[in-house]
Protein chains: 2
Amino acid sequence: MATIVEVARLAGVSTSTVSHVLNDTRNVEPSTRAKVMAAIEKTGYRQDAVARAMRRARTDSIGLVVSDAGEPAFAEMVHGVEHAAAARGLTLVLANSAEDPVREERAVNTLLSRRVDGLIIARCAASSAAVSSRLESESPRPVVLLDRVFDNSPHDQVGADNRESMRRLVEHLQAAGHRRFLLVAGDQRVPTLVERFRGFRDAIRDADLPQQVVVDAVDMAEVREKVAAALEQGDATCVIASSTPLAVATLECLRDAGLTTPEQIAFAAFDGFSHSDLFRPTITTVRQPAFEMGAAAVSLLIDRLGAPDASPRTLRLNQTLELRESSENYRPGVS
Amino acid sequence: MATIVEVARLAGVSTSTVSHVLNDTRNVEPSTRAKVMAAIEKTGYRQDAVARAMRRARTDSIGLVVSDAGEPAFAEMVHGVEHAAAARGLTLVLANSAEDPVREERAVNTLLSRRVDGLIIARCAASSAAVSSRLESESPRPVVLLDRVFDNSPHDQVGADNRESMRRLVEHLQAAGHRRFLLVAGDQRVPTLVERFRGFRDAIRDADLPQQVVVDAVDMAEVREKVAAALEQGDATCVIASSTPLAVATLECLRDAGLTTPEQIAFAAFDGFSHSDLFRPTITTVRQPAFEMGAAAVSLLIDRLGAPDASPRTLRLNQTLELRESSENYRPGVS
DNA sequence: GCCGGACAGGAAAACGATTGATTGGGGAAC
DNA sequence: GTTCCCCAATCAATCGTTTTCCTGTCCGGC
């Protein structure tokens, strides 16, 4: 590859002039500019982003660490981040922690050593303190927490309105006559799932309903086991799963127990399945705006670059309650 | 951030010694090494990957351009690439062309200017010649084509055994009694879809079946329109969709036409839906090993780095035919 | 005719590492 | 005792840009 030196020589100017032409950072005589452009054309020169990043403060890249690249919701966030980043001329460096704190820490270190201009991260459930302090010490390089949102975080964050959405969902189901729920709440180290659980608890409390069954197992095999046991016991008329993997496990249990939805038991889930309209049963879903969350994270990052000292913001995007068959037509007292 | 210079000063050695300790690239006296390690510890020094990449030939990063980050199949490939790359200590730089040749070219240029050690790309349907020549002129920097595989490509490639899989699928359906198919073949600028179409054509020819209806529209609205028309005409007993988006459009048409699967018409699709076991109808699917394809692309890249002059390889991963309800229990002659 | 400012462009110092050439000291071999 | 080689460590060049000074020229105003 030709370098700026060769371009300069061919054009008969200094490298600084070439640089200024390239970046439009100083007036240059039209004739000089023309010579430079011609030389660039002739040599097929292209700027070297590495050298450029080396000299400047910025790399024009951002890092993204997701906790489970295999989950469709995270895939959508990645998509949203990529889209928003590209629109602003930023390149995306992607890493996946796969819910493993060791890999997460490694990923964060790698991205920071590559001098990304900012970092977006969906922290894994068992995220280590080392990562926390590493992220905090990175200021003023902006860090945005995605999806997994923490109280009193020193960072900007973007999450969903989990507590309120769960509340709305439960209220809807209650209005339809349900009194006894089974909540498959999942790993309570994950803030998102904690928020959903709290929304559930709030709604139950405010409606003066009796104690409900809650499954908070982490391991999916254990989830299935506990859900199966709860179904066996059999007083729930409605099951809510707090995430897609939990919904999968739960649906398997329902199927294995021979329970049909919504006739024998109602069902609803968070995050949902793709193309779910095409298949039966269609499932009542609280849908997370994953793409938009990714894009919003990029916006926060950019804003933060412009105002390093503003106090951290937490953005909560609205989820939408999509009512479908799995929670309809249930007749309390019939089953 | 501390630099290597400060570490060297603190340890009372030269920067080159620090570098050699860091990279384990030359023997250093244990006592010296200890001093260096202590200094690193004290300063909290971390290697700067940008400066490192600047000096060395490699950046320890690879670029990936996908043609539609929104598609689950591509999301899985991204996942596979990230996984394999991370396992080898490579960072992943991700870009999405969104099936837009302009964005694709921009993405390729960006990644190359960042000096990725190699590039994996799923070229978009209308990919420009400019991109082709740019990729070819990049040698010896390896380029691997992913999913969209071309004849006589100068690059390594990894795709699926589309032709054979389609053939097997059709043969299976034939054996079940089907004679008249509707193939929703999609955009014939996409090699993957061309291969699937050819497999279909081969199977039909070899079985001496009469001419079949093939929809090769690009725009989804047009696909729906043509599929609806073909269903109206009504002599097909079986529909095959060559990709997930096409399957979505087709299933919508079937639903709108009031046709149930498999009772009134059989259905099968390529690539498939996630968690499809949980919903009805379960769909007979030729499943693409998307994750593995991504991982294989990384392997080809690494191999190529070791042997720049070996002739290009095309890897075809096997797809699996997953038989499900949508193609079963069909009784030819009944409907 | 001199001064000051505007303007175009160049020289060279960074940025933070890696690495080839070089130095100096300490045996081993003769 | 000299030579030779090995070893550890340093020196300094280098990667390809950007950016800070700096120089020289031209022009207008007085």
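Naming convention: chains lettered A, B, ... in sequence-line order (proteins, then strands); numbering from 1 in each chain. Just so you know, these numbers come straight off a predicted model, no measurement behind them.
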Any A/S14 side-chain nitrogen or oxygen under 4.0 Å from OP1 or OP2 of C/dG10: yes
Base of D/dA9 paired with side chain of B/R26 (donor-acceptor, under 3.5 Å): yes
Sugar-phosphate, base or nothing in reach of A/R58, heavy atoms under 4.0 Å: nothing
A/E104 versus A/S127, side-chain donor and acceptor atoms under 3.5 Å: yes
First of A/T15 and B/D48 reached from the 5' end of DNA chain C, by closest nucleotide: A/T15
Sugar-phosphate only, base, or nothing, as touched by B/T25 at under 4.0 Å among non-hydrogen atoms: nothing
C/dT18 OP1/OP2 closer than 4.0 Å to side-chain N/O of B/S16: no
Phosphate-side-chain proximity, A/Y45 and D/dG16, N/O vs OP1/OP2 below 4.0 Å: no
Check: A/R58 side chain, A/D117 main-chain N or O, donor-acceptor pair, under 3.5 Å: no
Sugar-phosphate, base or nothing in reach of B/V13, heavy atoms under 4.0 Å: sugar-phosphate
Distance, rounded to the nearest Å, where B/R56 contributes CZ and C/dG20 contributes P: 13 Å
Between D/dT19 (C1') and A/R52 (CZ): distance, integer Å: 12 Å
side-chain N/O A/N27 vs C/dC7 OP1/OP2, d < 4.0 Å: no
Given DNA chain D, 5'-ward residue of the pair B/H20 and B/M54, judged by closest heavy atom: B/H20
A/V13 backbone acceptor or donor facing A/T17 side chain under 3.5 Å: no
Sugar-phosphate only, base, or nothing, as touched by A/R115 at under 4.0 Å among non-hydrogen atoms: sugar-phosphate
Rounded distance (Å) that lies between atom P of C/dG9 and atom CZ of A/R33: 10 Å
Value in whole Å for how far the C1' atom of D/dT17 lies from CG of A/D24: 17 Å
Between D/dT19 (P) and A/Q47 (CD): distance, integer Å: 11 Å
Under 3.5 Å: donor-acceptor pair, side chain of A/E82, backbone of B/N96: yes
Carboxylate-amine/guanidinium proximity below 4.0 Å for B/R9 and B/E6: no
Whole angstrom value for the distance that separates C1' of C/dA11 from CZ of A/R9: 17 Å
Whole-Å gap separating P (D/dG16) and CZ (A/R46): 16 Å
Salt bridge flag under 4.0 Å for residues A/E29 and A/R33: no
N/O (side chain, B/T3) to phosphate O (OP1/OP2, C/dC15) under 4.0 Å: no
Atom pair distance, as rounded to whole Å: CG in B/L22 and P in C/dT19: 12 Å
Touch class at under 4.0 angstrom, heavy-atom based, for A/S19 against every strand present: base
